[in-house]
Amino acid sequence: MITWQIRIKGQVQGVGFRPYVFKKANKLNLQGFVLNSTLGILIEFNASEALADTFFNDLIDNIPANAIITRGSIEKISLQNFVNFEIRQSSYLKSDAAPLIAPETAICTNCKNELLDPKNKRYNYPFITCTNCGPRYSLIKQIPYDRENTSMNFYTMCLKCNLEYLNLKDRRFHSQTNSCPNCSINLKLIDSSFKTIATDVSECVAKVVSFWKAGKIVAIKGLGGFILTCDANNENAVKSLRAKKRRPSKPFALMLANEEAVKKDFELSEIELEELKSSTAPIVLLKKKNAHTYSEEIAPGLTHYGIMLPSTPLHVLLLNKFNGPIIATSGNIHNIPIIHDNKEAEEQLFEIADYLLEDDREIIISQDDTVIRFSPVTQQKMILRRSKGLAPTYINPKINWTKKNILATGALLKSTFSILHQQNTYISQYLGNLEGFEAQENYNKIVQHFLQLFSIQPALILIDKHPGYFSTQYGNQLASNNGIPTYKVQHHLAHFSAVLGENNVIETTVPVLGVVWDGMGLGDDGNIWGGEFFIYKNRNFSRTTHFKYYEYLLGDKMSKEPRISALATCWEILGAKEILQEKFNETEWNLYTKMLSSETSIKTSSVGRIFDAAASLLGLIDKQTYEGEAAMLLENLAWKYFAANNLNFKESYFTKSLYLNTISVNELMQGLIKDLNSKMDKGFIAAKFHFSLVTIIKKVADKERMQTIAFSGGVFQNSLLVELIKFHLKAYELYFHKELSPNDENISFGQLVYHHINTI
Ligand SMILES: [Zn+2]
Ligand SMILES: [Zn+2]
């Protein structure tokens with residue numbers, strides 16, 4: 001007999017891992033123990049070599065649904081005697097605890113069956129959970145993940161729940177979120193005069209459904225915060241929600257009762273369905289069918305709607321009863337973070353909602369819903385917002401990180417921060433646009449929450465080069481208050497590093513061309529970059545080519561008004577004046593053209609703004625109401641062309657050979673204006689614009705003799721561009737983001753990777 005020790009690291013807390021080990025050990029009649037240690041799961045047992053092998057392999061191969069293993073090892077230790085197999089009390093040394101924090105998980109099938117079974121004790125109970133499902137990250141105050149360290153601490157388990165909690169064979173063994181109608185989390189439905197109108201579950205559900213039917217707006221507390229809901233088929237209700245939320249055209253997400261309802265009105269591939277029903281429970285962008293019955297008001301001008309399925313027991317009860325689609329949008333007032341506190345909701349959300357359905361379980365950390373889309377031909381997964389259900393743990397399989405604790409503070413508009421701790425990477429959920437005070441407060445709160453969870457001070461803080469970003473200033477402040485060094489990372493190099501890191505190619509010996517296109521980021525030369533080509537070779541980065549600079553006219557206003565991008569890129573082009581001038585009044589025209597001819601000091605190479613310019617020239621939009629609107633409309637228009645034509649497109653606005661290190665914006669826009677003036681089909685022009693960008697990538701790759709290309713930056717949220725690249729650049733090795741968003745959400749992770757590359 002030999003005594004063996006197994007160590008398993010990863011996401012192994014709060015996912016039913018110890019009972020899982022216990023069952024496997026019992027099946028093989030092993031003697032020993034399992035416990036949660038500071039560094040993960042520790043198992044010791046007696047067995048022959050062959051049996052130990054079988055046990056270890058079986059453990060690693062069939063792990064519980066929400067567990068993730070990052071490292072596993074087995075070794076012989078000195079012989080010990082055990083009488084049975086037991087689960088031993090956990091012991092923690094907080095300072096070196098490195099458990100991965102589990103994300104929120106959609107209601108599992110077992111819980112859903114119990115919820116709907118009149119004979120079950122949790123029939124109709126809207127907070128049913130088990131070790132396989134329910135809230136996690138949102139209610140953790142401290143680690144280890146034990147009940148007294150979560151907001152469940154407020155509720156005392158009844159005798160029956162406690163028996164489940166202590167029973168190894170029960171699905172709720174050590175389920176920290178365990179509760180039932182006898183020891184329940186409580187619902188409360190209130191009206192705008194703060195009067196409680198129902199607390200009983202069936203009554204709350206029936207009333208909310210009747211309010212929806214009457215065209216009312218109801219704010220409902222979920223796992224990440226409040227959502228605002230109304231009947232999606234009631235156009236007046238949708239319009240009223242838009243007006244009150246001051247959100248004229250940004251698309252709303254829909255929650256549909258079930259798979260059948262989705263299939264009836266939306267195109268749904270296997271992989272999209274799988275994602276929709278996954279434990280992440282994201283919003284998935286789906287193409288509406290021609291014969292769909294939905295109002296244009298939901299997503300004006302767009303062919304794709306954001307769809308989700310009920311993912312909490314409360315959603316299931318409500319949608320089963322209503323049996324129709326509802327609008328489900330973040331509960332906040334114009335650009336501030338999602339509201340998650342009952343008191344705040346009562347103070348603020350009645351500006352929009354007629355009723356409020358709250359519960360008394362405290363949300364410690366708020367999160368928006370995750371948003372995902374798949375490109376239509378090759379089904380490339382594109383994360384548009386990485387948040388609830390995915391954040392904060394990010395398992396990167398192969399980077400050998402430093403043991404230092406590092407905070408990377410990210411960018412500005414689609415902010416996140418990342419923390420490297422015990423060689424694990426945590427990427428915060430999407431934290432929105434940091435220009436507003438409330439978003440800044442929320443960002444600070446969540447950074448501090450993490451530092452306190454792990455009881456650490458970072459040894460190093462990584463910041464963007466832009467001194468004006470809140471995240472940069474925040475990092476500098478934290479650093480100077482605590483005597484911590486900082487390290488600056490250029491925005492687009494962070495993007496490139498993020499895609500290299502995600503695809504595990506930082507050790508590559510083959511040079512990689514990085515195509516980094518986005519709205520804006522401060523470049524090394526003081527200009528606003530955004531149309532960049534880099535080469536990564538022998539752990540060195542160099543900027544090889546970029547879109548030729550044009551005037552960064554009117555600063556921030558430029559990114560809000562596509563007509564300004566059109567003017568800045570085309571004002572000198574013959575035949576453009578007629579198209580441009582009517583977009584401005586006389587005062588604006590005189591002022592702006594004068595500014596252009598006198599040359600401002602800052603210039604830009606942004607491809608994001610070139611998309612805006614094209615959208616404006618094609619008459620799609622002159623002033624955006626939300627970020628990315630112009631690019632989405634342009635993509636939509638081009639897809640309409642490709643609905644009738646295959647991707648084997650041939651015409652590009654870039655016809656000349658490329659010798660220089662700058663790409664002529666003039667050549668691109670000149671061609672586009674010529675086609676416009678000769679009354680070419682606008683769908684064709686939009687298609688040609690997209691394809692032109694693919695041809696320029698090829699020209700740069702060939703000029704630099706590159707065979708491997710990686711893509712990052714918000715522009716690559718464009719599914720047509722991705723499909724055209726994959727279709728036309730098949731001869732190259734291509735790397736895209738898969739588990740991270742291509743947009744600025746990946747900057748904080750990219751900062752970690754860039755620092756890693758430059759310090760090893
Ligand atoms: Zn469950
Ligand atoms: Zn109970």
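What you are looking at is a predicted structure, and each value in this text was computed from that prediction instead of being measured. Atoms within a ligand are numbered from 1 in the order they appear, just like the ligands themselves.
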Could you walk me through whether Glu259 and Lys277 pass the salt bridge (charged side-chain N to carboxylate O under 4.0 Å, His left out) test, one step at a time?
CA-CA 9 Å; Glu259 190 182 322; Lys277 290 166 74 176; 2.9 Å; yes
Sub-2.8 Å protein N, O or S atoms surrounding the Zn ion (ligand 2)
Cys158 SG, Cys161 SG, Cys180 SG, Cys183 SG
For the residue pair Tyr426 and Phe454, is the inter-centroid distance of their aromatic rings smaller than 6.0 Å?
yes
Using 4.0 Å as the upper bound for N to carboxylate O, is an ion pair formed by Glu203 and Lys207?
yes
Would Asn113 and Asp117 count as having a side-chain donor-acceptor pair, cut-off 3.5 Å?
no
Can Tyr165 and Gln176 be counted as having a side-chain donor-acceptor contact under 3.5 angstrom?
yes
Please step through salt bridge (charged side-chain N to carboxylate O under 4.0 Å, His left out) for the pair Lys289 and Asp265, ending with a clear verdict.
CA-CA 5 Å; Lys289 288 183 174 168; Asp265 288 304; over 6 Å; no
Does atom CZ (Phe194) have a neighbourhood of more than 12 heavy atoms from anything else shown, all under 6.0 Å?
yes
Measure up the Phe45 and Trp4 rings against each other and bin them: parallel (under 30°), tilted (30 to 60°), perpendicular (over 60°).
parallel
Centroid separation under 6.0 Å, is that true for the rings of Phe450 and Phe417?
yes
Shell of protein N/O/S atoms around the Zn ion (ligand 1), taken as anything under 2.8 Å
Cys108 SG, Cys111 SG, Cys130 SG, Cys133 SG
